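Notes follow once the structure below has been shown.
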Amino acid sequence: MSRTDHEIIVVGGGIGGLGTALALAQSGIAVHILERAPQFSEVGAGLQVGANAVRALDRLGVLDEIYATAVFPERGVISDALTGQVLTTLDLGPSFTERFGYPYIVLHRNDVLTPLLEACRAHPHVTLENNRTISEITDEGDRMRIRCEDGHELTAKLVVGADGLNSKVRRLISTDEPVFSGYIAFRGATPIDKGTADADASDVHLWIGPNVHLMQYPVRSGTMYNQVAVFRTVWKDEGRPDWGTSEELIERFSATCEPVRSTVAAHADATAYPNFDKEPLRTFVVGRAVLIGDAAHPMLQYLGQGACQALEDGLTLAAVLDGQVDDVSGLARYDALRVPRTTRCQRAARPWGESWHATDPILRAYRDRYLRLRRPDDYNEVAWLYDDALDDLLGPVRRELETRR
């Protein structure tokens with residue numbers, strides 16, 4: 001039986017895992033990444049990246065590569081999926097960048113992962129390993145032991161769980177199960193010239209209606225169009241075995257306006273993803289194991305913050321460890337900094353989605369009135385997401401660490 005020893009092992013090679021490994025390596029710590037898939041890739045298609053995550057990518061040193069394939073939308077548009085009427089717009093152009101210091105960008109998920117992967121491969125403190133599926137994790141006090149299904153064993157002074165919704169590392173803290181939201185998302189990216197509901201394919205366009213929504217935006221430097229059609233499954237509640245299928249997708253969107261209806265029909269062969277989250281944890285740390293990303297705080301997609309918060313996690317973890325892993329007492333700071341912010345994201349995402357999918361006519365009327373009255377440059381509802389939370393939170397930590405050196 002073979003065994004290898006490491007300083008830090010990051011379990012999971014997605015955007016969060018790679019970003020965390022890169023941040024740790026840049027602080028001088030040797031990091032080994034374990035990925036169960038035969039290659040590093042991202043499931044899904046498009047990704048919305050708010051100013052907070054663009055800022056994080058800049059701090060990781062990969063922003064030029066990110067910008068090379070990103071699309072910089074001028075507006076976010078919310079329309080009524082039943083009538084087709086525009087309810088409100090959000091200025092994502094110069095006023096957004098001026099307000100938050102960084103732009104709002106959209107791009108393919110692999111176009112975020114690839115620059116992070118290349119930066120990790122180029123860094124002397126990072127090693128990567130594929131085809132490793134974990135079967136057991138054991139806390140041995142001064143080290144963590146990982147056993148893989150093929151019998152290979154590894155040890156590390158710290159294990160970072162970046163292994164997603166069904167995280168095995170999380171089971172050291174909680175055996176909770178995913179919570180099904182009742183909604184199914186059909187996601188896919190198609191060539192930009194294929195039929196879309198959006199008259200201006202440069203916008204981030206959200207169509208909202210009772211128990212449904214359609215999100216659209218360009219990716220791959222504007223050559224592809226990402227489409228996400230989401231609906232609440234009624235067939236599951238009725239006990240039908242074929243719930244969540246393309247047939248139910250078409251039925252659920254049957255009452256929407258023609259542009260939305262025809263767009264959904266044209267993309268009914270996209271990949272279906274049931275939407276899950278979990279209840280927030282009180283801690284992301286146990287012994288010499290720590291969670292980041294969806295392993296720590298899986299959230300519904302309505303705030304567009306899943307990958308964004310994972311990038312914040314990685315930079316925060318690197319800051320509190322401050323280049324060493326022999327003494328992991330600093331992980332308490334990571335908990336104190338990350339649990340409140342990510343819990344707020346998890347809890348806010350649920351009612352945000354409920355407001356999009358409202359079925360009560362009175363509630364929808366009040367919602368639509370509010371949306372029509374707001375100004376395009378009113379960022380009050382999103383400022384807490386996009387302001388520089390990392391500097392605000394890590395400033396005192398950095399000053400304390402400086403005094404100890």
Side-chain angles (χ1 to χ4, degrees), residues 1-25 29-44 109-110 113-114 116-118 120-121 123 125-180 271-274 276-278 281 283-298 306-307 310 313-314 317 325 328 331:
M1 181 185 298
S2 61
R3 193 187 89 175
T4 55
D5 301 320
H6 302 276
E7 283 198 288
I8 292 183
I9 292 176
V10 174
V11 181
I15 289 171
L18 292 172
T20 298
L22 183 58
L24 291 167
I29 304 174
V31 186
H32 187 66
I33 303 173
L34 284 183
E35 168 57 42
R36 67 178 182 178
Q39 61 185 9
F40 293 91
S41 63
E42 271 289 328
V43 176
R109 296 185 72 92
N110 271 322
L113 183 136
T114 298
L116 292 171
L117 177 60
E118 291 176 349
C120 284
R121 283 176 170 158
H123 203 288
H125 291 332
V126 179
T127 52
L128 305 98
E129 192 172 3
N130 292 93
N131 291 309
R132 293 293 192 192
T133 300
I134 292 175
S135 61
E136 184 180 6
I137 306 173
T138 307
D139 187 343
E140 298 185 340
D142 60 342
R143 297 188 76 84
M144 301 294 292
R145 181 181 297 274
I146 293 176
R147 182 180 177 86
C148 299
E149 289 183 353
D150 61 3
H152 181 64
E153 288 192 354
L154 309 92
T155 69
K157 296 177 183 177
L158 179 68
V159 169
V160 179
D163 48 341
L165 178 70
N166 295 304
S167 167
K168 289 186 177 179
V169 183
R170 183 184 175 108
R171 292 193 173 275
L172 295 171
I173 299 175
S174 173
T175 57
D176 58 350
E177 295 298 325
V179 178
F180 179 46
T271 304
Y273 299 90
F276 295 91
D277 67 355
K278 288 186 176 182
L281 292 174
T283 180
F284 299 151
V285 178
V286 58
R288 288 182 170 270
V290 59
L291 305 176
I292 68 103
D294 282 351
H297 41 74
D313 291 341
L317 182 60
V325 291
V328 293
L331 292 178

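Numbers here simply count residues along the sequence, with the first being 1. This is a predicted model, so every value here is computed, not measured.
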So, taking the atom named [atom1] in [X] and the one named [atom2] in [Y], what distance separates them when rounded to the nearest 0.5 Å?
| X | Y | atom1 | atom2 | answer |
| --- | --- | --- | --- | --- |
| I9 | T4 | CD1 | OG1 | 6.0 Å |
| S135 | H152 | OG | NE2 | 11.5 Å |
| S167 | D294 | OG | CG | 10.0 Å |
| I29 | L317 | CD1 | CG | 7.5 Å |
| K278 | D176 | NZ | CG | 4.5 Å |
| I15 | L117 | CD1 | CG | 11.5 Å |

Less than 4.0 Å between a side-chain N and a carboxylate O, is that true for R171 and E177?
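Looking at R171 together with E177, the answer is yes, because their closest N to O distance falls below 4.0 Å.
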
Before accepting this row, confirm whether a basic side-chain N of the pair D163/R36 lies closer than 4.0 Å to the acidic partner's carboxylate O.
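Judged by the 4.0 Å cut-off on N to carboxylate O distance, D163 and R36 do not form a salt bridge.
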
Under a 4.5 Å cut-off applied to non-hydrogen side-chain atoms, are [X] and [Y] in contact?
| X | Y | result |
| --- | --- | --- |
| V328 | V290 | no |
| I146 | V11 | yes |
| M144 | L172 | yes |
| C120 | V31 | no |
| F284 | D313 | no |
| N166 | P178 | yes |
| L128 | L18 | yes |
| P38 | N130 | no |

Please report the closest heavy-atom contact between [X] and [Y], naming both atoms and the distance.
| X | Y | value |
| --- | --- | --- |
| H297 | A310 | CE1-N, 4.4 Å |
| L158 | R288 | CD1-O, 3.2 Å |
| P298 | D277 | O-CB, 3.4 Å |
| V159 | A156 | CG2-CB, 4.4 Å |
| G17 | A162 | CA-CB, 3.6 Å |
| G161 | A295 | O-CB, 3.4 Å |

Counting heavy atoms not belonging to R143, are there more than 12 under 6.0 Å from its CZ?
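Counting neighbours around CZ of R143, more than 12 heavy atoms of other residues, nucleotides or ligands fall under 6.0 Å, so yes.
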
Give the ring-plane orientation class for H6 versus H32, where under 30° counts as parallel, over 60° as perpendicular and anything between as tilted.
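Aromatic pair H6/H32 classed parallel.
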
Would you say [X]'s side chain and [Y]'s backbone share a donor-acceptor pair under 3.5 angstrom?
| X | Y | answer |
| --- | --- | --- |
| E7 | A30 | yes |
| R170 | A296 | yes |
| R145 | T138 | no |

